[in-house]
Amino acid sequence: MYEENVVLCGASAYEQKYYFNQDFNALPDHVKKELQIMCVLFTEDVGGILTLEFDEDGKLQFKTEALEADARFDEIGSALKIKQLQTEKRELLESLEMYYQVFFLGDLSEEDLKKKTDDGE
């Protein structure tokens, strides 16, 4: 269905803007707000640009980039912050992946869905 990664949301420290893909507007408001807070705080903390993208398998990827002249951007700090977010927001991120796989990719069979919910994911 999709040939490239699909951006869920992103934030830029340079433009001080947040972007949310309207294709995901059906997500609950509290989820959209949590994503916004997470992305904006990330860019305020380490600088640069952060995007959350779904790959072709429906896995959520954190992508960062920074201008070459951006002395404030900390690549190591960025990687550590992403690991922290992946740990702290694991449940939210897994739910978003399941949502994408079911509603966008149509990839999750009933058996897979039952297994994921039985495993407590």
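Counting only N and O atoms by type, the side chains of Gln84 and Glu88 include a donor and acceptor under 3.5 Å apart.
No donor-acceptor distance shorter than 3.5 angstrom exists from the side chain of Thr51 to the backbone of Glu53, with no hydrogens or angles considered. Side chain of Glu97 to main chain of Leu60: a donor-acceptor pair is present (N/O by atom type, distance under 3.5 Å, no hydrogens or angles). Between the side chain of Asn21 and the backbone N or O of Val7 there is at least one donor-acceptor pair closer than 3.5 Å. A donor-acceptor pair under 3.5 Å is absent between the side-chain atoms of Asp57 and the main chain of Lys59, judged by distance alone.
The salt bridge (Lys or Arg N to Asp or Glu O under 4.0 Å) check on Asp74 picks up nothing, with sequence neighbours excluded. When the salt bridge (Lys or Arg N to Asp or Glu O under 4.0 Å) test is applied to Glu34, the partners found at least two apart in sequence or on another chain are Lys89. Contacts of Asp29 classified as salt bridge (Lys or Arg N to Asp or Glu O under 4.0 Å), with partners at least two apart in sequence or in another chain: Lys32.
Taking the six-membered ring where the residue is Trp, Tyr99 and Phe24 present tilted rings, their angle falling between 30° and 60°.
The number of heavy-atom neighbours closer than 6.0 Å to CD of Gln16, taken from other residues, nucleotides and ligands shown, is 12 or below.
Interatomic distance, OG of Ser78 versus CG of Asp45, reported as 9.5 Å (0.5 Å rounding). Going from atom CZ of Phe62 over to atom NZ of Lys81 covers 11.0 Å, rounded to the nearest 0.5 Å.
Of the residues listed (Val46, Thr87, Thr64), the one engaging Ile82 in a side chain to side chain contact (heavy atoms under 4.5 Å, CB included) is Thr64, and it is the only one.
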Using the rule given for side chain to side chain contact (heavy atoms under 4.5 Å, CB included), can you reason through Tyr100 versus Leu8, listing the C-alpha separation, both sets of side-chain angles and the distance that settles it, and then say yes or no? CA-CA 10 Å; Tyr100 183 78; Leu8 169 62; over 6 Å; no
